[in-house]
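Below: one structure, written as structure tokens.
Letters A, B, ... are given to chains in the order of the sequence lines, protein chains preceding strands, and every chain is numbered from 1. What you see below is based on every heavy atom in this structure, not just the backbone, and it leaves out hydrogens, waters and symmetry mates.
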Protein chains: 2
Amino acid sequence: MNSSGRVSIKDVARLANVSQGTVSHVLNHPDRVSPVRREAVEKAIRELGFVRHEAARHLRAGYSSTVGLLLLDAWNPGFTEVARGVEDTTMDQGWTVVISNSARDIEREKTYLRLFYEQRVAGLIVVPHDQSADDLHQIRSGGAPVVVVDRPETGDHGMSVAVDDVAGGELAARHLISLGHRHVAFIGDEAAAAPVHARLIGVRKAVAEAGVDIRLDVIPAELTAEAGRETGEMLAAMPAGKRPTAVAAAIDLLAIGVLQAFLQHGIGVPDDISLCGYDDIPFTRQLSVPLTTVHRSHYDMGTTAAEMLTSALSGQVPDLRHVVFQPELVVRQSTGPVQPRSRRRTR
Amino acid sequence: MNSSGRVSIKDVARLANVSQGTVSHVLNHPDRVSPVRREAVEKAIRELGFVRHEAARHLRAGYSSTVGLLLLDAWNPGFTEVARGVEDTTMDQGWTVVISNSARDIEREKTYLRLFYEQRVAGLIVVPHDQSADDLHQIRSGGAPVVVVDRPETGDHGMSVAVDDVAGGELAARHLISLGHRHVAFIGDEAAAAPVHARLIGVRKAVAEAGVDIRLDVIPAELTAEAGRETGEMLAAMPAGKRPTAVAAAIDLLAIGVLQAFLQHGIGVPDDISLCGYDDIPFTRQLSVPLTTVHRSHYDMGTTAAEMLTSALSGQVPDLRHVVFQPELVVRQSTGPVQPRSRRRTR
DNA sequence: TGTAACGTTTGACACGTGTCAACAGTCACA
DNA sequence: TGTGACTGTTGACACGTGTCAAACGTTACA
């Protein structure tokens, strides 16, 4: 044991009556060492409780087996699914994943990006803030491949995995329109995040293409269940004739809040108002009224991003540099045909 | 720029016409360097896009500013709260947190513990698997302080933060008993995790101390919403007279599943059956029937664990080596007095 | 017996940084 | 002018590992 109280490769070599180089070979190229020495070294390792020093290994080898994952919001169930996909895929291929969370704070994001760069991570998967292209570019110029998740990108230098949220918005709106709804509200702040903006564009597109006269109200709201509850209460307070007959929420969390407010105020879903979410997080199935929503394959986004990254790391050029998933409408019980004016709840 | 294509401190020194030592001083002890040189160095750093190499720094300095957080189950909302608490506290004090997730897999836990050890993390916060005392001890012997979360520990060498789940089980059971319930079911596999076992002990204790004749059914179930739904359906299929009048679930996720099944089968909560959860995860408030549950301060567990760790890292001995939080009963709307045999739903 | 070929082991070196003793330069004071 | 005190700067070294050329030992063959 050396002066710092830690066991190094030298101590192992001394105990096993062998040179440092041999110990290193046992660790990295066991086939180059004779069985006798190998066993002696392994015994010494066990006796001393030696564990190799990753920083030294990294410094000498010049490469790292660590991959960084920077999440925009680790507490959003959708993104934890992304993380699970990334973890499952990279673990299988021998990479270590380090997860960090920017919590939608651009300063925090910058800090973590710098940290990742200082650690010389081999590669990086980022669910980025809206305004952080610069920092991502800096990492890229350092030589580490970067996969951007949940922001559609194009071009030759970079990789991305995203969902076609314009199409998703269209799906939701078309579904509601086809059920006969002619007064629809979209809930969510389009300035809050690029994907929300895209969804609204899709909704507007479907409305414009419907060929019938449709009124679309856009109600800005934070992306939380609490904001959903407040918005739901506002809607509940409106006279029934003035109220939209259908609501499309920018994310499921919002829809959950809206649903809760509606039920509390005796507004039936879908009998009085239809409600459509977005994301298809696991909890949508556990709600008192299972939610119609637009499914995004978060887990698959994670695995795909991880596969792109690992293939880039092994020197291959991935077949596709930019993958866009198509969302799918999942019809459950929170949406239904528009009711005639003098309607009654069925149960 | 050196041969590997990366910029090192030497390159900065050369460009700024200064020695390596001076550059290092600019980075670590700016006050020791004259303003003229400092500016020259800073300019060179900007021009070259120099970012220091954490592995080399770590190797030379002998210490790391990284703290590991190993979660048992990152997808359980309770544990993500713990992570949030840890992150907020350690970030403030300049530590970097690396999060990993053992996913209740003991092999994965071992792998990550080894990885943390190889990285020579300064300290470690672990929400451990039931059978992993050995590995934790190995880390401790390496000199890094370890805080164990959610498993009550005692003794002088080690730190822990936990919740008195026996008391929590008692709280839940006493509440139900005080409402007049005499036939109670506990749902959850006591072998699944130590905290669940503790809760059941608490329930049994309350039943024994009640002084009245109480029937307690223990129904093993996995710790998922899906398992809760299945158990709820089984209970719903029983004739009303044979059914327990109250259910205590081992965790909220289970209770959510039970609730969903009850409502689907027309069983009123709390009118037909009272339902009590455990954990107080955020979603309990968003349910169609807000859940009575036992609150555990997950976020505070995280901050406390982080504070203990950071004070240990700065050489102080924390005032308390083992902290046990007291749970609190949160009465919402899913529990109510037992109804006479010929009862009717009120709404 | 001598030599070549081969497989195993060795020892020195480099990776990029922080530290520390030593050194140079400046200034005030005697 | 010489001395001491002080500030700023330097250069060598160490941290623990992986690699690589060189050395070593063994065996096979002439």
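Closest non-hydrogen pair, A:Val127 versus A:Phe79, comes out as CG1-CE2, 3.6 Å.
From one end of the helix from C:dT1-D:dA30 to C:dA30-D:dT1 to the other, with five pairs defining each end axis, the axis direction shifts by 60° (rounded to 10°).
Between C:dG18, D:dG16, D:dT10, one nucleotide has an atom nearer to the side chain of B:Leu27 than all others, and that is C:dG18. Closest to the B:Ser34 side chain, of the nucleotides D:dT19, D:dG8, C:dT10, is D:dG8. Listed nucleotides: C:dG18, D:dT17, D:dT10. Nearest to the side chain of A:Gln20: D:dT17. Taking only side-chain atoms of B:Ala56, from C-beta outward, the nucleotide of C:dT10, C:dT17, D:dT17 with the closest atom is C:dT17. Comparing D:dT10, C:dT19, C:dG16 by their closest approach to the side chain of B:His29 singles out C:dT19.
Counting to the nearest Å, the C1' atom of C:dT19 and the CG atom of B:Asn28 are 10 Å from each other. Whole-Å rounding puts the A:Asn17 CG to C:dT8 P distance at 20 Å. Rounded to whole Å, atom P of C:dT9 lies 12 Å from atom CG of A:Asp31. Here D:dG18 presents its C1' atom at 13 Å from CD of A:Glu54, a figure rounded to the nearest Å. One atom, CG of B:Asp11, and another, C1' of C:dT17, lie 13 Å apart when rounded to the nearest Å. The distance from atom CZ of B:Arg14 to atom P of C:dG16 is 11 Å, rounded to the nearest whole Å. In this structure, CD1 of A:Ile9 is placed 11 Å from P of D:dT19, rounded to the nearest angstrom. Taking atom NE2 of A:His53 as the reference point, atom C1' of D:dA14 lies 13 Å away to the nearest angstrom.
For B:Ser19, the side-chain hydrogen bond (donor to acceptor under 3.5 Å, both in side chains) partners are B:Thr22, not counting sequence neighbours. In this structure, the side chain to side chain contact (heavy atoms under 4.5 Å, CB included) partners of B:Asp105, at least two apart in sequence or on a different chain, are B:Glu107, B:Arg108. Listed by chain and residue number, B:Thr89, B:Trp95, B:Thr310 satisfy the side chain to side chain contact (heavy atoms under 4.5 Å, CB included) test with B:Gln93 (two or more places apart in sequence, or in another chain). Legend: residues meeting side-chain hydrogen bond (donor to acceptor under 3.5 Å, both in side chains) with B:Glu39, ordered by chain and number and at least two apart, are absent. Shown here are the side chain to side chain contact (heavy atoms under 4.5 Å, CB included) partners of B:Ala194, two or more places apart in sequence or in another chain: B:Asp130. With sequence neighbours excluded, the residues that form a side-chain hydrogen bond (donor to acceptor under 3.5 Å, both in side chains) with A:Glu81 are A:Arg84. Legend: residues meeting side chain to side chain contact (heavy atoms under 4.5 Å, CB included) with A:Asp92, ordered by chain and number and at least two apart, are absent. Among residues two or more places apart in sequence or in another chain, the ring pair (Phe, Tyr, Trp, His ring centres under 6.0 Å) test is passed with B:His298 by none.
One finds a side-chain N or O of A:Ser19 lying less than 4.0 angstrom from the OP1 or OP2 phosphate oxygen of C:dT10. Remark: B:Arg37 is in phosphate contact with D:dT9, judged by side-chain N or O atoms under 4.0 Å from OP1 or OP2. When the side-chain nitrogen and oxygen atoms of B:Arg57 are compared with OP1 and OP2 of C:dG18, one or more of them lie within a distance under 4.0 Å. Look at B:Thr22 and you won't find any side-chain N or O under 4.0 angstrom from OP1 or OP2 of D:dT9. A sub-4.0 Å separation between OP1 or OP2 of D:dG16 and a side-chain N or O of A:Ser8 is absent.
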| field | B:Gln316 vs B:Ser311, side chain to side chain donor-acceptor pair (under 3.5 Å): CA-CA, chis, key distance, verdict | value | CA-CA 5 Å; B:Gln316 303 160 26; B:Ser311 76; 4.7 Å; no
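Mapped onto DNA chain D by nearest heavy atom, B:Pro35 and B:Arg120 fall at different nucleotides, with B:Pro35 at the one closer to the 5' end. Nearest-nucleotide mapping onto DNA chain D: of B:Arg32 and A:Arg60, the residue sitting toward the 5' end is B:Arg32.
Judged by the 6.0 Å distance and 45° axis criteria, A:Arg114 is not positioned over the aromatic ring of A:Phe116.
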Polar atom pairs between nucleotides 21-26 of chain C and protein, under 3.5 Å, N or O only, would you list them?
none

Polar-atom pairs under 3.5 Å, protein N or O versus N or O of nucleotides 23-25 of chain D: list them with distances, or write none.
none

Quiz: residues 24-34 of chain B side-chain donor-acceptor pairs under 3.5 angstrom, not counting sequence neighbours:
from: B:Ser24; atom 1: OG; to: B:Asn28; atom 2: ND2; distance (Å): 3.4
from: B:Asn28; atom 1: OD1; to: B:Arg57; atom 2: NH1; distance (Å): 3.3
from: B:Asn28; atom 1: ND2; to: B:Ser24; atom 2: O; distance (Å): 2.9

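Among the atoms of the strands shown, none is found under 4.0 Å from any heavy atom of A:Tyr63.
B:Lys43 has a carboxylate O that lies under 4.0 Å from a charged side-chain N of B:Glu47, or vice versa, which qualifies the two as a salt bridge.
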